[in-house]
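Report on the structure given below.
What you see is a predicted model, and the numbers here were worked out from it, not measured in a lab.
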Amino acid sequence: MKDQNTKSDWQARADKEVKGRDLTWHTPEGIAVQPLYTADDTQGLDPGLPGFEPFTRGPYASMYTGRPWTIRQYAGFSTAEESNAFYRRNLAAGQKGLSVAFDLATHRGYDSDHPRVVGDVGKAGVAIDTVRDMEILFDQIPLETMSVSMTMNGAVIPILAFYIVAGERQGVSAEKLSGTIQNDILKEFMVRNTYIYPPEPSMRIVSDIIAYTSQHMPRFNSISISGYHMHEAGATAVQELAFTIADGKEYARRAMEAGLDIDAFAPRLSFFWGIGMNFFMEIAKMRAARALWHDVMDDLGAQNPKSKMLRTHCQTSGVSLQEQDPYNNVIRTTIEAMAAVLGGTQSLHTNALDEAIALPTDFSARIARNTQLVIQEEAGITNVADPLGGSYYIESLTAALVEKAKAMLDEVEAAGGMTEYVASGKPKAQIEEAAAAKQASVDKGETVIVGVNKYRLDEEAEIDTLDIDNHAVRQSQIERIEKVREGRDEAACQAALKALSEGAAETDNVLELAVAAARQDATLGEISSAMEDVFGRYDTVPTPVRGVYTSAYAGDARYRQVVDGVKAVERRLGRAPKLMVAKMGQDGHDRGANVIASAFADMGFEVISGPLFQTPAETRDMALEKDVDAIGASSLAAGHKTLIPDLIRLLKDAGRSDIKVVAGGVIPQKDYDFLRDAGVQGIYGPGSNVVECAADLLRLLGHNMPPAGEELEAAE
């Protein structure tokens with residue numbers, strides 16, 4: 001009998017096959033992934049059993065062998081009527097739970113008739129201004145049996161109040177309502193930016209919701225602690241893990257400080273992860289998260305095992321979707337969905353193939369939903385609880401993530417907790433640095449995106465996308481608001497709003513007071529404003545990271561061409577060319593804007609980052625004040641057809657049509673001609689190479705920039 005082959009024997013054979021080349025892969029998380037794992041790599045690692053502490057292998061013993069994960073679709077657009085019809089079609093086709101997307105005006109606490117939201121109403125979610133909207137949204141959907149997830153953080157108080165009152169008007173008491181409200185405001189200050197109030201009163205709101213739901217809504221999850229938006233903003237798996245778990249710890253502490261027993265509320269806490277294309281890393285991330293949360297809750301004194309049990313929803317990545325060759329997105333979403341399932345999710349949303357450029361159509365939403373049905377019904381995955389448990393690679397990767405995330409959690413604790421750490425700006429800066437490094441890797445071709453930087457089609461076929469008539473939706477919402485106001489008892493409504501403001505100034509539970517105001521048909525904007533009068537409104541200006549592109553492109557000839565081109569323009573102008581990066585409208589997703597600002601600053605441009613949530617007039621005023629040469633308008637929420645043409649018109653009226661306006665972000669190809677006709681001089685959609693974007697802008701500024709691959713001399 002031959003001696004058993006060892007790992008060193010394998011290494012010798014592999015070295016011979018690849019001529020000694022190092023096959024170790026270093027992940028963005030700083031983990032060295034070996035080309036082979038054996039039992040030696042899992043010595044001392046015991047992941048336990050599904051359903052048993054520390055729940056690494058799953059929160060429930062039977063997992064999908066007893067019941068598969070809940071199939072959700074995150075959806076909402078246009079009016080409540082349109083969204084309701086979409087929900088009912090999906091439920092009839094096999095969807096099991098609802099996950100509501102609200103428009104950005106709603107997120108930011110504005111009614112649809114507010115002048116700041118002209119381009120946002122109904123575009124990236126459903127517009128909700130009144131309880132009547134909420135009633136229509138759930139028409140013929142029985143709230144006593146339907147689990148409803150609502151992605152809401154900034155205007156969480158009026159939205160949850162509207163949901164409670166809509167249930168009452170449907171004959172369903174609060175104690176019978178089931179589902180989840182996101183209510184994760186710390187994450188908003190780091191990445192997504194759909195906040196309204198400053199951090200401290202925002203944290204008070206979180207505690208009030210936990211307290212109210214613990215008392216009145218035993219079937220409802222009071223918070224969904226979200227790593228998803230960190231993932232979408234560019235966070236590594238370690239950053240997403242550590243910052244999300246730290247957020248959860250902070251919320252638990254605040255609730256305990258408010259007098260709540262940890263075991264009274266902790267079993268209703270839930271999590272939300274983004275799932276990207278690093279298949280095994282995402283599986284290990286979810287297993288590591290359960291182990292980390294168990295230990296955190298143990299340290300906080302939880303006694304009930306359910307308090308230490310991390311339950312989660314997952315969503316496949318939006319940022320991995322590409323505009324180019326978009327049917328590849330079906331494959332990407334399938335891979336990500338498999339990772340979520342093998343990682344042990346409790347519910348899942350699968351993104352549609354067209355979500356890189358627009359809201360999903362019925363056609364694309366059906367493919368996304370059926371992806372889950374096929375995995376659930378045909379793949380055999382539900383026959384075994386945690387089928388990858390014991391994998392040498394998975395267990396090693398899980399342990400590595402736990403170790404690295406714990407080190408980051410210790411850093412957060414040393415800073416005084418997550419509220420203090422967020423206030424320092426460190427987590428936001430770390431995530432932005434990771435995002436810039438990822439984009440640089442894609443631009444250089446080190447990270448392959450099929451159909452984008454490799455295997456690209458010579459010509460892209462246009463696909464049908466959903467287009468929302470923003471002006472028509474806004475007008476219909478305004479009409480409904482007016483009708484609601486006409487029909488309500490105005491004195492009773494104003495008294496309820498006054499009581500809300502007074503309670504916010506004291507220590508009363510603001511959700512309880514908002515429910516009273518919603519019963520009197522106060523609007524979302526009125527409820528938000530009543531609290532804003534006491535708490536104030538929070539604003540911030542992005543501070544992009546520096547140096548990532550310079551480091552990544554050291555020695556790159558094309559990058560040097562662009563840097564030299566910027567210097568040539570600087571010599572001609574007597575100063576560096578000025579680019580203003582503008583975020584107009586109420587969309588707070590600023591990953592793309594920050595990457596552009598970071599990269600262009602590294603290449604020598606003087607970059608002015610405009611504050612979030614500007615109107616076109618405010619962008620014009622800032623551009624004139626700073627005397628910029630170009631404005632890069634970043635759009636991810638479909639407001640580009642309203643906001644960017646308005647900006648160009650305002651610049652022309654001010655006699656500054658010489659300022660170049662370019663646009664980037666989620667913009668469907670079919671809108672390109674519309675924008676060019678409006679005066680946009682450059683359009684850069686998802687997958688655009690940032691260095692080539694800079695080269696194109698130099699051409700717009702009059703520099704004879706050569707195409708990629710040509711010699712530098714051709715520029716002069």
Side-chain angles (χ1 to χ4, degrees), residues 73-92 95 98-141 143 146 148-152 154-155 158-163 165-167 169-170 194 352 354-355 358-365 465-488 518 521-528 585-587 637-643:
Q73 287 300 97
Y74 177 57
F77 57 91
S78 185
T79 62
E81 290 91 343
E82 291 279 347
S83 292
N84 173 260
F86 185 77
Y87 294 160
R88 294 199 339 240
R89 290 195 298 272
N90 284 0
L91 291 170
Q95 183 178 312
L98 293 178
S99 189
V100 182
F102 298 95
D103 75 355
L104 291 162
T106 302
H107 273 288
R108 294 270 293 147
Y110 294 117
D111 287 333
S112 296
D113 58 359
H114 197 285
R116 296 195 73 87
V117 299
V118 172
D120 296 301
V121 177
K123 293 294 283 186
V126 61
I128 299 292
D129 297 306
T130 62
V131 174
R132 182 61 190 142
D133 287 330
M134 195 72 84
E135 289 181 87
I136 295 168
L137 187 67
F138 296 117
D139 181 43
Q140 300 180 57
I141 296 174
L143 292 179
M146 181 58 60
V148 176
S149 174
M150 293 179 285
T151 300
M152 178 53 66
I159 284 296
L160 189 49
F162 287 178
Y163 177 64
V165 176
R169 293 180 182 179
Q170 201 184 87
T194 53
D354 48 0
E355 286 188 64
L359 291 168
T361 62
D362 277 4
F363 170 77
S364 63
T465 55
L466 184 65
D467 192 19
I468 304 297
D469 187 340
N470 160 245
H471 296 289
V473 174
R474 185 167 186 261
Q475 187 55 44
S476 71
Q477 288 299 120
I478 291 172
E479 290 170 2
R480 184 174 296 149
I481 292 170
E482 291 172 349
K483 187 174 181 180
V484 167
R485 284 176 176 151
E486 288 170 2
R488 71 190 184 186
D521 286 310
T523 70
L524 175 133
E526 290 168 341
I527 292 173
S528 295
Q586 298 303 306
D587 174 43
H640 53 271
K641 291 178 72 174
T642 300
L643 300 170

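The minimum heavy-atom distance linking Thr642 with His471 is given by the pair OG1-NE2, 3.9 Å. Looking at every heavy atom in both residues, Pro158 comes nearest to Ile527 through CB-CG2, 3.9 Å. Pairing each heavy atom of Leu143 with each of Gly167, the nearest pair is CD1-CA, 3.9 Å. Contact record, Ala518 with Phe162: CB-CD2, 3.8 Å, taken as the closest heavy-atom pair. The heavy-atom pair separating Asp120 from Gly585 by the smallest distance is OD2-CA, 3.6 Å. Minimum interatomic distance between Thr151 and His107 (heavy atoms only, all atoms of both residues): O-CE1, 3.0 Å.
Looking at residues two or more places apart in sequence or on another chain, you find no side-chain hydrogen bond (donor to acceptor under 3.5 Å, both in side chains) involving Glu482.
How far CE of Met152 is from CD1 of Ile128: 9.0 Å, rounded to the nearest 0.5 Å. Between the CZ atom of Phe86 and the OG1 atom of Thr361 there is a distance of 8.0 Å, given to the nearest 0.5 Å. Atoms CZ and CG, on Phe102 and Leu524 in that order, are 9.5 Å from each other to the nearest 0.5 Å. Atom-to-atom distance recorded for Arg480:CZ and Thr79:OG1 is 7.0 Å, nearest 0.5 angstrom. One distance of note links CD of Glu81 with CG of Asp139; it measures 9.5 Å at 0.5 Å rounding. Here the CE atom belonging to Met150 is positioned 7.5 Å from the CD1 atom belonging to Ile159, to the nearest 0.5 angstrom.
With Asp111 contributing its side chain and Gly525 its backbone, the two residues share a donor-acceptor pair below 3.5 Å. Proximity of a side-chain donor or acceptor of Asp521 to a complementary backbone N or O of Arg488 within less than 3.5 Å is not detected. The closest donor-acceptor contact from the side chain of Arg88 to the backbone of Ile141 lies at 3.5 Å or more, if one exists at all. Glu355 places a side-chain N or O within 3.5 Å of a backbone atom of Ala352 that can act as its donor or acceptor partner. Within the 3.5 Å criterion, the main-chain N or O of Gly125 finds no donor-acceptor partner in the side chain of Asp103. Using a distance-only test at 3.5 Å, with no hydrogens or angles considered, a donor-acceptor pair links the side chain of Ser476 to the main chain of Val473. Not one N or O on the side chain of Arg108 forms a donor-acceptor pair closer than 3.5 Å with the backbone of Gln586.
A side-chain N or O of Gln477 and one of Asp129 form a donor-acceptor pair less than 3.5 Å apart.
Evaluated for a side chain to side chain contact (heavy atoms under 4.5 Å, CB included) with Val126, the options Ile136, Asp133, Val100 yield exactly one hit, Val100.
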message: Test side chain to side chain contact (heavy atoms under 4.5 Å, CB included) on Val117 and Leu104; report intermediate values, then the result.
response: CA-CA 8 Å; Val117 299; Leu104 291 162; over 6 Å; no
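Under the 30°/60° scheme for interplanar angles, the aromatic rings of Phe138 and Tyr163 are found to stand perpendicular.
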